Structure formats: structure tokens, C-alpha cells
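The block underneath contains the structure these notes are about, expressed in C-alpha cells.
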Number of protein chains: 4
Amino acid sequence: MITYSAPSQKNMSSPVKVAVVGASGYSGRELLRLLLLHPHAEIVAVTSRALAGKPLVSEFPRLRGFPQAEALKFIAPDVAAIKALGATVAFLALPHGVAHEFAGPLLEAGLKVIDLSADFRLRDAKVYAEYYDHAHPAPALLDEAVYALSEWRADEIKNARLIACPGCYPTSVLVPLLPLLKAGLLDESPISVSSMSGVSGAGRKESIPFLFVECNESVRAYSVPKHRHVSEIGQELDLAAGRKVRFTFVTHLIPVNQGICTTIFAGLREGVTIDDVSAAYASAYAGRPFVRLLGKNQCPDTKNITSTNFIDVGWAFDERAGRLILMSTEDNLVKGASGQAVQNFNLVHGFPEETGLMVV
Amino acid sequence: MITYSAPSQKNMSSPVKVAVVGASGYSGRELLRLLLLHPHAEIVAVTSRALAGKPLVSEFPRLRGFPQAEALKFIAPDVAAIKALGATVAFLALPHGVAHEFAGPLLEAGLKVIDLSADFRLRDAKVYAEYYDHAHPAPALLDEAVYALSEWRADEIKNARLIACPGCYPTSVLVPLLPLLKAGLLDESPISVSSMSGVSGAGRKESIPFLFVECNESVRAYSVPKHRHVSEIGQELDLAAGRKVRFTFVTHLIPVNQGICTTIFAGLREGVTIDDVSAAYASAYAGRPFVRLLGKNQCPDTKNITSTNFIDVGWAFDERAGRLILMSTEDNLVKGASGQAVQNFNLVHGFPEETGLMVV
Amino acid sequence: MITYSAPSQKNMSSPVKVAVVGASGYSGRELLRLLLLHPHAEIVAVTSRALAGKPLVSEFPRLRGFPQAEALKFIAPDVAAIKALGATVAFLALPHGVAHEFAGPLLEAGLKVIDLSADFRLRDAKVYAEYYDHAHPAPALLDEAVYALSEWRADEIKNARLIACPGCYPTSVLVPLLPLLKAGLLDESPISVSSMSGVSGAGRKESIPFLFVECNESVRAYSVPKHRHVSEIGQELDLAAGRKVRFTFVTHLIPVNQGICTTIFAGLREGVTIDDVSAAYASAYAGRPFVRLLGKNQCPDTKNITSTNFIDVGWAFDERAGRLILMSTEDNLVKGASGQAVQNFNLVHGFPEETGLMVV
Amino acid sequence: MITYSAPSQKNMSSPVKVAVVGASGYSGRELLRLLLLHPHAEIVAVTSRALAGKPLVSEFPRLRGFPQAEALKFIAPDVAAIKALGATVAFLALPHGVAHEFAGPLLEAGLKVIDLSADFRLRDAKVYAEYYDHAHPAPALLDEAVYALSEWRADEIKNARLIACPGCYPTSVLVPLLPLLKAGLLDESPISVSSMSGVSGAGRKESIPFLFVECNESVRAYSVPKHRHVSEIGQELDLAAGRKVRFTFVTHLIPVNQGICTTIFAGLREGVTIDDVSAAYASAYAGRPFVRLLGKNQCPDTKNITSTNFIDVGWAFDERAGRLILMSTEDNLVKGASGQAVQNFNLVHGFPEETGLMVV
């Protein structure tokens, strides 16, 4: 029996009208799944240049049988059309380097923008240029955008017009690291981060390396040594620590559809114990519904979080080497993308954070 | 935005108290997942002899964070205890040959029983003995039990005390075949049924053949030539056709967690066309929310139905050989077990059929 | 200890020089794997228009460390160049509709051609046009080509210049059916064939439907009701039976890399028993190293044949319906493509059939 | 065409007779696969207490069709029987804590022992007791045993009677780290090791956590923070470095059958460059056929090494953090167990190291 998401009458009678811009990929698909079941959201537009005119369910047959989904057709991405359909919020589930084309015009048209791409995550346009290989196309908007890790920026998110949802990997790294850096528990020795992601992280695009046969029975590191997500992880770690944090980040592709498993190796400041770590987590995430603290010496498993907005966190201390081990699991498409976007949507509108997201 | 499952106030204030007996397997787990989110059900007891005393979430960490789940502990399966907790409905997610031990006492204690096992599916105790290798232990209850294929026995289900949910394979075979047999569209040539099931169909028990390494990169037929489900499929086909229906049924294990894909080869009576087949389906399943008719020459895919209560049906005619091909996909644990059980629970209580089941 | 493939000195000193034309796909990759370890074959050319100039091991890193593989670079597919390199046999691992461009010129240049594509499998150009949607481009060669199911056409293969290797599915269907049709054991009731293939069957090409995420946790029928392989299966069944054989063939995609599992439903002629079936198999495949007869009521498993040239066959009789069930498993890339090509290469050159193919 | 493993006549005529003790698990199965095709080995005994009397191919149907395999039956593990069958070498593919029961008696009977278990890997019985939770049962043999990482102890292995093959994870960690520690290229900052293993690493035993459904679509760390393999990794790193090496080791279970992917984070001594690392590898592994050095910024992929004895190594330098990244992939059952055992068998008998192991 659900009681936590019982909608108030007021909201039921006037749902928020939303557009999903770039709805043909995996993040778009998950966003549609969540929004379809959200008690206060009404999807009024789904866009895809390639699929314009086609029924939504022809591309996503999983959504057949849901009246709202059956009624939708893809439209071409057009700000005026989105505005005309009454949308007050636009989710951008577009590739990096494309989202910015829509963000400015949508903001000017008076919509709030919740962007799932990397376009507005970095504060410094120079860092963007270094990691994304071209100058930032709309640097003026970087100042306004909020790096919207829901658990850490709720107040800013509530008042933002342009919400930049964190990347999938960064969410899995920042949620376990930020409380410890903020509390000053870690020493300055280099942090090592080993992340493993399911294949949906590579997107829904024609590509030999992501064919079933190329990924099944395969595990491989990739983008070594300079994954693009280093830029946003670095930005946020430094801000939290108040100093330059030295870390190395290696990503691996593993044969699951959805899920990220991140393992972090760090050093504790002298005198700090594993129980201080436990206390810092308990304090940082008290009352936050989507961070599940598994406890000391507990290892999270991606199978417990797939298709949900939860991020599970475990931690342990290696006595022999005197090193701290942090572990997290999340769904790269949900907490790492569309779920966190909906969580931010809830924050913006004053809905309880878990509205529409308490799926098992 | 969801509108179809908006609960009435009356039901919200007095949920139906339910027990899940035998909650440690995969069907039990799915049942808990669905009931936790059901607006009119309150889980008051979950039983497991082996896990009695342990918190529910220690066995199913996926349920962490849901207050109702966090509050539950496994108890030993005991009719008096279940009754004392106020349950008025008991779901039996027990192995075949065990469910009957609880069904009688629970009925006597005044509960309704929704059984997911094979114990009460067959009308004829002799057929049971032939397929299950021992005499039926409670033959008197067979007369009372309803073979509860939701789309075909809604009226009987509403008034039943003992509801025998169909097997996973039989559901996938009967939903596409019954409308055609009832309408007299098929000739008497032998029907061939080839079904493929995900590994959860084998249950959650220690067993070498179902280890990851034994099932991954493996496809194999099994239980050839006499799978136990032949007994209930035969019973229902014969009833629908009003004659003995000749069919052969072969099952295969495939490396997915959940999902059944069934392909059926049959002959059309002279003069009958594929459009008559389409019409028979449209007529039989009009207004039934969980049967999604994909249409002529459309092939269903298990990935569109996993974790949902949908069964997708496609059909085609092989002109060269003059044979009809029927295809269906369903989740063996949901429409093939726990979802159909909840669908029947809804029917019994007069809730809209899709209550608590419209998950994407 | 291997004794069966001990090479004679004569052959060791003068290996057969071979070219692999179209070496960048999965069949090409398997062919290279087998030929590299073949005691009497020397690969002198591997062609790929797209990869010309690149080292072979850059595309197939699995082959690193094998001196012969390390020494090879892709060249553009050019008959004169292949001839100049001394090749006397060309394997064509090209897509359907492309192989014929090379077959004629290679034959004219004096090479033997072992074609893995569908271009020369059909005797009747009209059937080709019906199933492949365009007129056959080289109908004159159809008369000369041998449909090279190794176990059934050994004599013709030995003397052929143009060897058309059977399709992956047809091999899995014909090996179990031909002995029974030849022996007249089957009645004329319609035969139903349900085949399941791993994803490598779809080839190594950029395509959304064959991405990992689209195939993993998915099972689906496809190409219903008219798969192209119906044409060659029909041709060979009719020839074996001496009559038109009525059959329906449905293919399914399953999430494994390699492997086909085929299940066939057929009727026995009156008076014929399952033991007659066993005897027909024993007689047809006595001394044939790659057909492993598992016996009555034994179900084959693809995991026992992956990467090998074996085809495993089991059979059973469904007493209830009076129907025969045949089951086979093979690796679609090996016995269903490259392995059978090498087996035919052995037949052509008088090597023991299993030379270079006895891998576990 | 193979030329590298052409057997000499002398060896062909008098193969080494070997026993595989404990042949029913995954390591045993791989060992049998390799030995069956080994030109100088003859399997004279395969033991399994549970399967004694059964044909080998009934348990491993993949081996059907190989005359030597077809001729073998499991026998109970008995030293006298093994001796009587003429075996001069015994491979022990037994669980940890069982192998030692056979090692002593077999040595006394005059056989050489190649042990795949952990029983004789540690020099210090106290360390064994700490990591394996009981006193070492045969400490006297620890002095004699050689920790047989083939690339590093070839001379000792040649003369050993008791050969302790390294663990799967340790092989993947030591091969990339030892050359750098020996050459003094690494600083003393803590080393972090993140390893991912396929499920066969858990063995072939009845166990819920290793069922298909529990492992598929799942990634999880385990045995944190004190995996047993820390003991042997630590022993060998310290020996190579001539100092206590500080490292942390975290293992993850990933849904593939076979394969380990290891990523290591370490610090370079001041003044050392990535090119020094490349040079150290080139020097350490020149002429070693099974270590494939992929080069700087190249990431290995487990799919390139499954079922082979290769270990692929890549490396990169993270300029931003000033940290070295080492990556390796190997098959846990081959280079990490049975393949290395055969490699050691070759060393012991003076066969070329790659004899019987050059499979693609």
C-alpha cells in the first residue's frame, strides 16, 4: 500500500505540463516512463527530429497500453511549438553539444529547463573547452545554471531556471565522497576511482563497439586516462573540499543494460576512524529518501537499484593498508540521469522529493 | 500523469490486509513488489520457514527505503498467526506440493486464498497424479478451485474462495489460443507450441544447472517430451474447443532473468482467413487492459513486457505452408504468476482490474 | 593428447594457400581463427575494402600473438592480387548479394571458391528472386554450384569448383530432418520448425536493433512469416523426400553470442516408432565426426557446441499427441558457416574431414 | 597453419601420463579441455568422489566426440590407483583445504604435483592461518613448493616437485606490477587495485548467490575489505620490491562466464616517465608468448582472451593527478588457473612454453 505519494487534490487538478526534448534515446525513454506515472506531470510534447510524426509507442512499444503514451506523437524539436502546447518545463535529453541550442530559446520563452546533457555542468568555460574539444557555445548561461546534485543543492535548485543534472558517473562518485570531504575526514593522498557502467551509458546509437556481440562476455576499461566526467567530478570535489583534490578516474564497460558500480580508494586523515565515516554519512543523508546507507562492510549490488532512483552506499576500512574503501551503485539512466531530473523537477515545484519516483 | 489508478477515498482508508505465504522465492519477491505499491493492499504477514525472524529487506535489499517493507519481518508460516494479524487474503507463493497444506486451513479460518502453485489448477485428480507423480492430497478442494486466467474467468473469480492462478507457460499459450478455439477458427491438425523461458522460472533454489555459468551463453530444450504444464494447457484447450485438442509443447531455457516467448503453429479451418483471426482477438480482448494485440505480422519482444503484467500477442499466416503462427510474450513472474495473482485480487475485491499493476 | 589430426609430412611441407575475402565480419573472424590453426592451410590474403592497409590484429586483437596473424594486413578485395599471392582457394565471407561479384572472376582465375553467402545455394533463380528481392546476378553459376552440406554431399563437394556452404539455420534443420525424410519415416502432416539464434547471426554491422541494450534481456521472433532461409530449407527437404514437404519456419533472436537451437515438430508415418528414428540417425551419421547423436529423450544445449564444428541432435516422441520432436544445436558461425566451410575445404583436398576442426 | 607447436617425434611416441584430481569443477573442465589437445600429454585418470564410475562425457558433454575423452570414466581420488594407471604428474583441481590431503601422498608416490588450489602458495604458515581461518595442515611442504607464476619463476618451476599455481586474481595483479616494482619505478604511495571477475571464479557449486538470476544484470563488490588473495599478492609484491608494499585490493563480480579485468592505480617515482614503464614491460616480457603488451593508452578487453592463456596488459598516465594506471585482462580459468598449470607442466618437461596452449 502506498501512502507516501498520495497526491494532494490541488495538484491533481492542475498538472505541470512538460516537454521532453530529444526523446528517442535511453534517457528520454526512462524520463517518459517516470513522467507517465508521475501524479503531477502531464507530458504535452515529445520531440525527435528523426521520428517526427510517428506515434511514441511505435518507437517504445513498452509504453503501449498507457492512454497518455498512446495519445502522443513525436514532433520536431521547435521552441514555439513546445510553448504553444502549454509546456512550462522542458527536459532536455539531448546529446552533449546539442542541448545548448534549445536551452537559451526555451528560457527566453519562459520555460524552466532541466538539462540532462553535459552542456551546463561546468562553471568554467575553459574547462569545458578542454574536455569537450570546442569552445562553449553559450558561456553566459553557465553562471546561471545550477549543478543539480539533488541531495546537495536543493535550495539552489528550487530557485533555478536552468538546471544542469549531473552526469551518471559523477553522481556515483560525488554522493559517497562529498560528505567526507565536507567534513574534512580525508587526507590529501591521491584518491582512486574505479567505475563500471552498463552499456546504456553509451547511448542509443548505431555503433559497432556497442553491438551485443561486442559487449556480451566482455569487460573493458575505456576513455583512459581522461574521461570527460573528470571535469565535473573535479569541479565538485574541489568545491566541497575547499582545496584541489587529487584523484584518478577509470571507467569500465560491463555487460548489463543499466547500472553503475563505483569503488573508491581514499585515505583517512590521522585520527579519523571508520565510525566517523559512518557518522558523516548518517548526518549528510538523514531524511534523504534516495540515498540508502547500507553500512560498514556492506557491499551494494546494482541489481538492487536498477530502474529506481536509489543510490546505495557501502564503506569499509582496509586495516592492512590503512585505506578507506567506498562503494556505490545507482542506475545510470535513473539516479544518474532521468530520475534525478524528475527529483529536481519535484524540488522546483515543491512536491515531496520522492513524488513519482518510489518504484521498486 | 496517472489518472487510471486514482484510488477512491473509501478504499484508501480501509485497505485489504494480505499475507504472502512463502515469500522467499522469485514469485514471492514480485508479489511483494506489486503489493507494496498497491493502493488498496496492506501486507500484514510475509512467511518463510527458513527466514523467520529476519527483516524482509535483509533478504530483498531492493525493497529498502519503503516504509512498509522496512517494517516487516518474516514469520514462520502459521495459519493462526496469519489470521491474528488480520489478513483476509492469503497469497500462496509456495512450491508445488506444499501449497495445499496451507490452502485448506486458511479457507477454514475464513481467508480467501490466491494460490500461485500448481496444486489446484487441475480439475481431475487423476491427471494431477499422472503429471505430478503422487496422488492429489486434497482432491475435495479441486471442485471449488477456479482456474483463474483473469481474462477468461472473471465472473467465477469474483465469487471464488480458492483461486488457482495459471502457470507461467500456460498463460502464454492460452491467451493466444483460446479465442481461436472458442470461435472455431482452427482445424484439427496437431498444434505445435515452442516456448522459451527466462531462468527465474526455475525458482530460487540451490542447483548446479541454474548457476550463472551453466545458463549464460546457453539455450536448451528441457522436460521433453512431457512438461507438467501440458496437463493444465490440455485441460483448458479441450474446454474451450469442446473437443480433445492435439498439441505438443516444448520448453526451452534461455539466458534472461524474466520473460516467456511462446510461438504456436496451428492450422486454420477451411475458409478462415488471417483477418478472421484478427477479428477474434479484437473481440475477445476488447477492454482487457493487459492483453496488448500487436496485430498481424507483428512480433512481440520480451523486453517490452518485463516486470509488467502485459501479455503481447502477434500473429501471422505462412502462405507457403498454409499454417498460422501465433506469438506471445509475457513476464513469467508477473502475468505468468504474481501479476495475474494481483489482477485476480482486484477482481475479487471489485477494484479496477489494473489497480496497482500499471507499471511501465 | 591429439592423435587424430597428426599431419602427414607431405602436406606440412606444401600447405594450401588460401584467401579470405570479406574478413571483417563474424564469419570471417571465425574462419581466420580456424584457418590459423589448420595444419595444411596458409592464409595468404585477407580482404576488406574498409580496412585495407590495416594490420589484421588491429581489427581482431584476439589474434595477437599468432605469428601468421601478426604478419597479415587487410588488402582491398582484388582478384588479380589474390591470384598473385598464390591463393588456390578463396573463401567468400561476404554479405549476400556481394559474393557473386567475386565468385565468377575467381573461378576464371583458376581458384576454387568456397562461398559462405546465400548467393549460390538455390538451384532455381526464380526462387532466389522471390526470396532475395532481385534477379539472380549470375544464374549460369547456379548449375555448377554444390549445396555443400558436408554430411550429405561429400562426393559432389570433392569435385566442385564452386561450393555454396549452407546457411546457419538450414544446417540445423536439415541435419535432423534429412535422414528421416530419406528413409520415408515421416508422414505428410505439416512440419513446424522453431529456431533460436544468437546475435552474431545478424552480422557485424552498425544497427540499433542489435545493440547490446536492445538484445540483452530480450527474446523475440523475427522475419515472420517468411524468413529467407525457407527457400534453401525447402529446396533440400523436397529433394530428400522426393515430394513437396510442407513446413513452417520461425526464427527467434536470443541473447547469446553464438549458437542455434532448433526444435522441430513432425509426424511419423503409421507404424514407425521412435526406435526407427534412432536407427535412421545411427545409419545416416555413422562415422561422421561432427554429428553427435545424443539419443532418445536427450536435449542438446548450445553451450556444448559453441566455437566447435559439432552439431548435437536429440529426439523424443510425444505419446499424448503422437508427434515427433527433433532438437539440434550448433554454432551458427562454425558448423553453420565457417567450420562447415573448412570441413568442405578438407573434403576438397582429401584431408580427413576433421582436420583443424577438433577444438573443444 | 600452425608451425609453432609441431611436436617432435620423440615426444609423440611417449606422452606424459597425467592425472586430473578433482575434475568436476570449472578449473578441472578447462584442464581437461587443454590436456586433451596437448600433443605430449595423455590423461590416464580423472577423479571425482561424487562422480566415480560415470563417464567423463556424461558430466562434460562438450567433450563428446574426442576419443580420449569418450574412453575416460571418473574414478575415486586414490593415490594408489592414480599411480597404478601410470601417471607421473598429478594436477590438483581441488578446493582450497582439500588439495593438501593428496599432495603429500602423491609426492611420496613419486609423482610431480601441479596444484591449482591455494594450499601451497604462501611461504608463511602464519599468513595462511590468518587468511584461511585454520592452521596450515602440511607446513613442511610450504618450503618446497614453488609459487609458480610462469613468467617469473621458470627456473625454479623446472626443478620443482610441488608447483603451486598462483590464484586467478593474483596473476592479473602480479604480471603488470612485478616488472615495475623490480625495476624500482614505483613510489611508496598506496597502490589501489580494482578487479572484476566472471562468475566461474566462484566455482561450480550449488549456491543461491551464484544462480543466473542473482548474477545476471548485477555488478557487485564482494569480500571487502579482506579478500584471501591479498595474502599471496602481498607476499609476491613484497618479494619483488624488497620492501613492504602498501596496497588495497577490491574484487567485483560481473556477469560474464570467464575473464578477469584488473585496473591498478599507482604512483611513479620522481623522474620516472610512462616510457620507462613501457621499457620495463618490453624488457620483462620479451619472448614470453602469453603476455601481450598492448602499449601505452591501450585498454585490454576480456573478450580477446577468453579460453586462451594470454594476459593482455595496457598502461596509461593520468597527467592531471600524476598517477599511473595499469590494466590487465586474463581468463580466470586459463591463465588464472588451468592454462598456467599446463604452462608450468610444459616448463617442467622442457616442452616449449606454448605447447598445447596456442588456441585462439
Side-chain angles (χ1 to χ4, degrees), chain B residues 189-198 213-226 230 234 245-250 252-261 263-267 297-304 306 314-325 327 329, chain C residues 189-198 213-226 230 234 245-250 252-261 263-267 297-304 306 314-325 327 329:
Chain B
S189 66
I191 294 172
S192 302
V193 182
S194 172
S195 282
M196 294 139 253
S197 174
V213 175
E214 304 293 324
C215 295
N216 186 38
E217 294 301 291
S218 158
V219 191
R220 55 192 197 251
Y222 69 97
S223 293
V224 174
K226 197 178 176 183
V230 165
V245 175
R246 205 174 151 202
F247 74 98
T248 299
F249 174 60
V250 174
H252 305 81
L253 195 70
I254 46 170
V256 299
N257 279 3
Q258 296 175 230
I260 281 179
C261 177
T263 297
I264 303 170
F265 307 77
N297 294 335
Q298 300 299 309
C299 299
D301 186 328
T302 63
K303 75 167 171 277
N304 293 325
T306 40
W315 54 97
F317 187 69
D318 173 10
E319 302 274 359
R320 189 179 181 283
R323 295 287 283 175
L324 182 66
I325 301 163
M327 298 164 282
T329 53
Chain C
S189 66
I191 295 172
S192 301
V193 181
S194 172
S195 283
M196 292 139 255
S197 173
V213 175
E214 304 293 323
C215 296
N216 186 38
E217 294 301 288
S218 159
V219 192
R220 56 192 196 251
Y222 69 98
S223 293
V224 174
K226 197 176 174 182
V230 164
V245 176
R246 206 172 149 203
F247 74 98
T248 299
F249 173 60
V250 174
H252 306 79
L253 195 72
I254 46 170
V256 300
N257 279 3
Q258 295 174 229
I260 281 179
C261 177
T263 297
I264 301 170
F265 307 77
N297 294 335
Q298 299 299 309
C299 298
D301 185 328
T302 62
K303 75 167 172 273
N304 293 326
T306 41
W315 55 96
F317 188 69
D318 173 10
E319 302 273 0
R320 190 181 181 282
R323 296 286 283 173
L324 181 67
I325 300 163
M327 297 163 283
T329 55

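Note that this is a predicted model, so its numbers are computed, not measured. Below, all heavy atoms of this structure are taken into account, side chains as well, without hydrogens, waters or symmetry copies. Lettering follows sequence order; numbering is per chain, from 1.
- Ranked by heavy-atom pairs under 4.5 Å with chain C, the list B:Val193, B:Thr329, B:Ile260, B:Thr306 is led by B:Val193.
- Minimum heavy-atom separation, B:Val224 to C:Asn297: O-OD1, 4.4 Å.
- Atom-to-atom distance recorded for C:Asp318:CG and B:Thr248:OG1 is 4.0 Å, nearest 0.5 angstrom.
- The two atoms that bring C:Arg246 and B:Ala321 nearest to each other are NE-O, 2.6 Å, heavy atoms only.
- Separation of atoms SG (B:Cys261) and NE2 (C:His252) is listed at 4.5 Å; rounding is to 0.5 Å.
- With respect to chain C, the highest number of heavy-atom pairs below 4.5 Å among B:Glu319, B:Lys226, B:Glu214, B:Gln258 belongs to B:Glu214.
- Minimum heavy-atom separation, B:Ser218 to C:Lys303: CB-CB, 3.9 Å.
- Interface check for chain C: of the options B:Asn304, B:Val245, B:Val256, B:Ile191, the most heavy-atom pairs under 4.5 Å are formed by B:Val256.
- B:Pro255 touches chain C through backbone and side chain together, each having a heavy atom under 4.5 Å away.
- For the residue pair B:Ala221 and C:Met327, the shortest heavy atom distance occurs at CB-SD, 3.7 Å.
- Of the residues considered (C:Ile254, C:Val250, C:Leu253), C:Val250 shows the highest number of contacts with chain B, using heavy-atom pairs under 4.5 Å.
- Closest of all the heavy-atom pairs between C:Glu217 and B:Asn257 is OE1-N, 3.0 Å.
- A donor-acceptor pair is defined here as one N or O able to donate and one able to accept, closer than 3.5 Å; such a pair exists between the side chain of C:Thr302 and the backbone of B:Val219.
- For the atom pair C:Ser192 OG and B:Ile264 CD1, the distance stands at 11.0 Å (nearest 0.5 Å).
- Side-chain contact check for B:Met196 versus C:Ser194: some heavy-atom pair is nearer than 4.5 Å.
- Neither the backbone nor the side chain of B:Ser189 comes within contact range of chain C; no heavy atom of the residue lies under 4.5 Å from a heavy atom of that chain.
- Contacts of C:Phe247 with chain B are made by both backbone and side-chain atoms, with heavy-atom separations under 4.5 Å.
- Between chain B and the options C:Gly314, C:Pro190, C:Gly259, heavy-atom pairs under 4.5 Å are most frequent for C:Pro190.
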